[in-house]
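One structure is given here, and the rest of the page talks about it.
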Amino acid sequence: MIDKLKPGARFDLHLHTTRSDGAFPLDEVLERCVAARLDAVAITDHDLVGDLDTEMRRIDGKELMLIAGAEVTGQHEGQEFHLLVYFPGPVQQGFRDFCTSQIKGRAARYETALSNLGMVGEGPDDAAWRGERAVTRFHLAQALVRDGRADNIGDAFSRYLRAEHGKVPQLDLPFVDAIRIARGFGGVTSWAHPPLDAFTRYIETFAAAGLQGVEALRPGLNRTARRTYKKACQRLGLFATGGSDWHGWARPQDLGLHSVRKHELKDFLEALAAA
Ligand SMILES: [Zn+2]
Ligand SMILES: [Zn+2]
């Protein structure tokens with residue numbers, strides 16, 4: 001399927017929908033991807049692969065390659081990190097079940113956070129409890145704004161939702177377990193938006209656990225970050241992935257401004273084909 005894409009094909013391997021904390025439903029995100037002239041995209045909602053499989057879709061008369069994915073949250077030494085997982089074809093039921101249990105854990109965490117924040121009447125909906133929609137800190141921030149407890153999303157985070165406030169329990173899956181579980185179900189893994197200091201400290205540990213890639217092709221990275229990622233990737237045999245982490249809230253029209261060309265993803269695409 002990937003062979004059908006031309007060498008200059010434009011990829012975005014990190015996108016969100018209303019299945020987690022994105023602003024637009026899946027179908028609309030895919031229509032926007034086509035309108036933005038992307039050729040291949042991965043939907044990577046938080047802890048959720050949903051019913052997606054990797055396939056070619058025909059949308060508005062154009063072909064779009066859809067890569068099934070998820071962005072799994074884990075923690076390591078008290079810090080939260082995100083793992084991008086991609087699948088070359090049909091997603092194994094075991095990985096879907098794993099996601100469902102993570103999302104149910106998110107619903108429980110959300111309810112605990114509401115009570116810690118002294119909020120009532122805004123609990124997770126049925127879809128969240130069923131494991132079909134991932135509730136996140138962002139949804140808590142929206143609830144705080146609706147309640148008049150914060151002026152905007154940023155204000156809600158800085159006043160209530162950061163780790164140091166202790167209101168939102170950490171999702172307790174060890175990051176190295178997330179890597180092993182994803183690999184065990186045939187997923188291809190990449191560390192999403194790694195903070196530079198944590199990257200330097202932990203990349204060897206994560207690579208030893210089976211991490212295959214680093215999300216090194218992102219908008220707004222400075223030269224130091226690019227060089228650090230590149231050196232580590234060469235040394236440890238990791239590939240680079242790239243995406244915009246577009247959620248669609250602030251500037252939805254920015255979808256497609258950041259894309260990664262097929263030739264930049266050569267090693268990732270080889271790993272995907274071999275998975
Ligand atoms: Zn993330
Ligand atoms: Zn993301």
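Indexing begins at 1, ligand by ligand and atom by atom, following the structure's order.
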### Task
May I have the angle between H82 ND1 and H193 NE2 with its vertex at the Zn ion (ligand 1), rounded to 10°?
110°
### Task
Test ring-ring contact (aromatic ring centres under 6.0 Å, His included) on H76 and F206 and set out the steps.
CA-CA 10 Å; H76 189 78; F206 296 167; 4.9 Å; yes
### Task
Report yes or no: does H247 have an N/O/S atom closer than 2.8 Å to the Zn ion (ligand 2)?
no
#### Entry: Atom nearest to the Zn ion (ligand 1) - E71, N, O or S atoms considered
OE2
### Message
Report the atom name of the nearest N/O/S atom of D245 relative to the Zn ion (ligand 2).
### Response
OD1
### Message
So that I can tick it off, tell me whether D47 and K104 are bridged by a salt bridge, with the cut-off set at under 4.0 angstrom between side-chain N and carboxylate O.
### Response
no
### Query
Do the rings of F24 and W246 sit parallel, tilted or perpendicular, given the 30° and 60° boundaries?
parallel
### Query
Counting backbone and side-chain atoms alike, does H46 have an N/O/S atom under 2.8 Å from the Zn ion (ligand 1)?
no
### Query
So, for F87 and F95, is the gap between ring centers shorter than 6.0 Å?
yes
### Query
Does D97 CG have over 12 foreign heavy atoms under 6.0 Å away?
yes
